[in-house]
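Letters go in sequence order (proteins before strands), and every chain restarts at 1. Reckoned from all heavy atoms, side chains included, excluding hydrogens, waters and symmetry mates.
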2 protein chains.
Amino acid sequence: MTRRAGDGVPPQEQVSGPHGDVDVPEAVRSRGRSRRNFAGARPVMGDVARLAGVSKQTVSRVLNDNPSVRPETREVVLTAMRTLGYRPSRSARSLASGRTRMLGVISFDAARFGPASILTAINSAAQDAGYLVSSIALDTADRATVVRAVDTLSAEGADGVIAIAPQRWVGRALAEARLDTPLMVLENDLGKDASFVTADNAAGARKATEHLLDLGHATVHHVAGPTGWLSADHRVAAWRTTLETAGAAVPEPLIGDWSADSGYELGRRLAADPDVTAVFASNDQMALGVLRALHESGRRVPDDVSVVGYDDIPEAAHLLPPLTTVRTDFPEIGTRSLRLLLSQLDGPPEPPVDRVVPVELIVRRSTGPAPSGRAPAAGHG
Amino acid sequence: MTRRAGDGVPPQEQVSGPHGDVDVPEAVRSRGRSRRNFAGARPVMGDVARLAGVSKQTVSRVLNDNPSVRPETREVVLTAMRTLGYRPSRSARSLASGRTRMLGVISFDAARFGPASILTAINSAAQDAGYLVSSIALDTADRATVVRAVDTLSAEGADGVIAIAPQRWVGRALAEARLDTPLMVLENDLGKDASFVTADNAAGARKATEHLLDLGHATVHHVAGPTGWLSADHRVAAWRTTLETAGAAVPEPLIGDWSADSGYELGRRLAADPDVTAVFASNDQMALGVLRALHESGRRVPDDVSVVGYDDIPEAAHLLPPLTTVRTDFPEIGTRSLRLLLSQLDGPPEPPVDRVVPVELIVRRSTGPAPSGRAPAAGHG
DNA sequence: CACCATGATGTTACCGGTAACTCACAGGCG
DNA sequence: CGCCTGTGAGTTACCGGTAACATCATGGTG
């Protein structure tokens with residue numbers, strides 16, 4: 001008897017008393033046994049059809065905007081739907097049509113700013129497109145878990161899946177989990193095995209590095225994210241290339257784990273080296289740690305050392321000093337990937353939209369000209 | 001013919017060609033016409049039954065752990081399922097059983113640290129319980145949107161709904177939206193109209209205020225969140241009560257909008273007043289703004305002014321100086337609410353679990369003894 | 001005016017499961 | 001030895017929609 005939750009709720013308890021079955025619990029119970037529905041039971045397509053004096057199929061046509069329904073008929077049906085407060089059942093619809101209008105999203109570290117922003121954007125955009133989003137947040141990061149998540153979503157009948165997969169191995173695991181629906185991978189690059197969308201990490205790192213070089217710093221030290229993270233690796237590569245192109249020395253990058261703690265640790269090392277005048281950290285948290293380490297060592301920012309972060313978290317503008325950083329348009333990543341996925345769902349793959357989202361350098365006060373005395377090309381651009 | 005995406009996918013093609021009906025359209029077409037399934041088609045319960053030599057119903061029983069299946073039979077069926085790689089269809093299951101095993105979550109500001117953490121926790125916990133989570137992220141905050149979201153989730157057949165509703169009016173809107181499934185409201189208080197879970201805002205504000213009073217500050221200034229936000233209002237009330245109880249003066253609270261910007265604005269006002277020695281901000285972002293304003297005015301923290309934040313965002317420990325703050329256990333809010341909701345789903349409401357999640361004061365370096373000369377009860381506690 | 005294309009709607013079967021009922025068979029009991 | 005009971009499995013109907021096909025006016029054409 002627990003068919004639909006709430007079916008048997010004592011009517012008087014239900015706040016605003018939507019169900020009119022005041023004292024006829026029998027009516028409720030008889031539902032499912034007799035063909036007729038009673039007030040209070042969720043109306044189904046047949047009820048609408050009966051009230052409108054048409055067949056079920058016509059109601060279905062109205063629901064799906066089928067053009068071959070006469071306008072007057074459509075109106076009658078719509079009125080009946082409104083009168084009854086009819087809502088189609090997604091389960092039934094999915095079962096019959098084979099499409100669930102449900103998208104799956106797999107994300108890692110979903111509480112962090114970047115992923116959370118992407119997730120939110122996907123959610124909003126999907127809602128606008130009439131899709132529901134089922135998300136699976138993964139914390140433990142082992143291969144089996146990833147495969148299982150994909151499997152779950154696939155079994156649930158997701159029409160498509162978006163995975164926010166910042167680590168390389170996750171991308172590979174995703175590629176292996178053979179999925180019978182379109183897959184879109186974010187912050188990763190599966191070659192031609194799947195569609196992907198990513199921020200332009202290379203450009204971001206290049207801009208940050210060039211900005212510091214332009215300020216006259218002899219070279220730029222780098223606090224990198226952990227190896228194996230696509231974004232970290234791409235940024236390291238671009239940072240290195242930029243330095244080489246400029247003919248600057250390439251110091252060994254210091255590898256952190258994205259946390260402010262690790263930034264602090266590494267920052268202390270950098271602070272101890274008087275030659276260090278410019279630091280580019282691969283995210284704002286680590287930059288924050290670096291700032292603190294520098295501060296504690298008595299090295300002033302930006303007078304003695306310039307610091308650039310990455311991501312532009314909301315706090316960045318108010319750090320001491322306000323942090324120069326590379327802004328990633330996370331929402332854009334989300335919406336763009338959703339658009340791409342949806343375009344895959346109906347019709348053949350569209351012409352390649354731009355899968356690389358541009359980034360922007362936000363200059364604030366944590367960067368400044370290299371301290372005089374060691375600037376080879378001080379203060380131009 | 002596009003019934004199920006990937007139905008006819010030749011296994012070897014899988015990845016890049018979603019609709020692989022290249023040259024075996026007959027096989028694909030015959031599906032749904034003939035009773036037999038072909039390799040590549042998603043196996044259904046009937047296939048398992050045939051392979052296992054039992055009836056569909058028996059397979060269903062195995063699937064649902066029905067005790068009246070002989071162990072040997074169960075084994076045979078399970079083997080058949082494994083062989084075929086069978087996964088039950090959620091749509092069909094929902095349609096027949098009336099339960100979707102899907103939970104809806106409505107959230108505001110889902111990219112912010114608190115909501116995102118709660119969301120993630122709910123997600124993980126739901127997954128463990130075998131539920132899928134469909135989330136709707138709301139940005140525009142008008143009543144109609146809220147009602148529509150609830151409506152959507154309800155129509156989608158969610159077995160239950162959790163709403164992260166930090167503002168009072170949202171709670172009311174939720175209560176009005178007639179919902180035929182259990183509703184759980186977070187960070188809000190609907191009286192007895194719905195279940196809720198919330199952090200202990202009063203205790204947090206009290207702890208923060210007492211901490212500052214104990215340090216010898218004559219009184220504590222408050223940078224509040226916007227009126228109408230439950231947490232903001234509760235914190236203001238508790239802050240006021242605590243001051244009154246201690247016999248301290250109660251300055252007019254300054255009202256911000258949670259952003260660091262607003263904290264900065266208000267912080268400048270506070271910095272200009274030499275009587276201000278202790279500030280309690282209703283979240284860490286605003287505290288950050290206050291810190292910056294104080295810094296720019298040359299007032300040292302904590303020597304001249306002590307600052308306490310709220311939330312303990314990951315960055316708090318590395319601000320300059322590291323921020324004393326009240327830690328809210330967001331994940332706990334998420335998991336607890338999920339537990340409560342699930343317990344409502346099966347069986348009658350359980351004895352009231354504790355719906356108020358405790359908070360913890362994290363003392364770091366942004367607070368210190370009141371500057372000498374004006375401390376009425378300096379340095380005990 | 002018969003003929004066929006067309007548009008609007010109804011009929012029937014089916015999607016993939018579950019609920020309720022039925023049935024065959026074994027053992028306990030009078 | 002016949003009847004009752006209970007266990008394990010099968011049958012049938014049904015959930016609420018959609019697809020494919022059938023039906024039936026209507027109207028333009030030759």
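- Of the side-chain N and O atoms in B:Thr58, one or more sit less than 4.0 angstrom from OP1 or OP2 of D:dG10.
- Atom pair A:Leu84:CG and D:dG16:P shows a separation of 13 Å (rounding to whole Å applied).
- A:Arg93 places its CZ atom 10 Å from the P atom of D:dA19, with the value rounded to the nearest Å.
- By the 4.5 Å heavy-atom criterion applied to side chains, B:Val170 and B:Phe108 are counted as neighbours.
- If you take CG of B:Leu63 and P of C:dG16, they are 15 Å apart, rounded to a whole angstrom.
- Residue B:Ser55 is classed as a base contact, given a heavy-atom separation below 4.0 Å to a base.
- Residue A:Asn66 contributes atom CG, which lies 10 Å from atom P of C:dT9 at whole-angstrom precision.
- With C:dG17, C:dC15, C:dA8 as the choices, the nucleotide that has an atom nearest any side-chain atom of A:Arg70 turns out to be C:dA8.
- The shortest distance between the side-chain N/O atoms of B:Ser60 and the OP1/OP2 oxygens of C:dG17 is not below 4.0 Å.
- No N or O donor and acceptor, one from the side chain of A:Lys56 and one from the base of C:dG10, sit under 3.5 Å apart.
- The CZ-P distance, from A:Arg87 to D:dG17, rounds to 12 Å in whole Å.
- For the 3.5 Å distance criterion, the side chains of B:Thr120 and B:Asn123 fail to qualify, holding no donor opposite an acceptor.
- Defined by atom type and a distance below 3.5 Å, a donor-acceptor pair is missing between the side-chain atoms of A:Ser154 and A:Asp151.
- Taking atom CZ of residue A:Arg50 and atom P of nucleotide C:dT9, one finds them 19 Å apart after rounding to whole Å.
- For the pair B:Arg90 CZ and D:dG17 P, the computed distance is 19 Å after rounding to whole Å.
- Side-chain atoms of B:Arg61 and base atoms of D:dG10 include a donor and an acceptor less than 3.5 Å apart.
- One interatomic measurement links the two molecules: CD of B:Gln57 to P of D:dT12, which rounds to 13 Å at whole-angstrom precision.
- At a threshold of 4.0 angstrom between heavy atoms, the contacts of A:Ser68 include nucleobase atoms, whether or not backbone atoms are also involved.
- Checking A:Asn66 against A:Arg74 by side-chain atom types alone, no donor-acceptor pair falls below 3.5 Å.
- Within 4.0 Å (heavy atoms only), A:Val54 reaches sugar-phosphate atoms of the nucleic acid but no base atom.
- Contact annotation for B:Thr73: backbone-only contact, meaning every heavy-atom pair under 4.0 Å involves sugar-phosphate atoms and none involves a base.
- The closest side-chain donor-acceptor pair between B:Ser134 and A:Ser134 falls under 3.5 angstrom.
- Backbone-only contact: B:Val69 has heavy atoms under 4.0 Å from sugar-phosphate atoms and none from a base.
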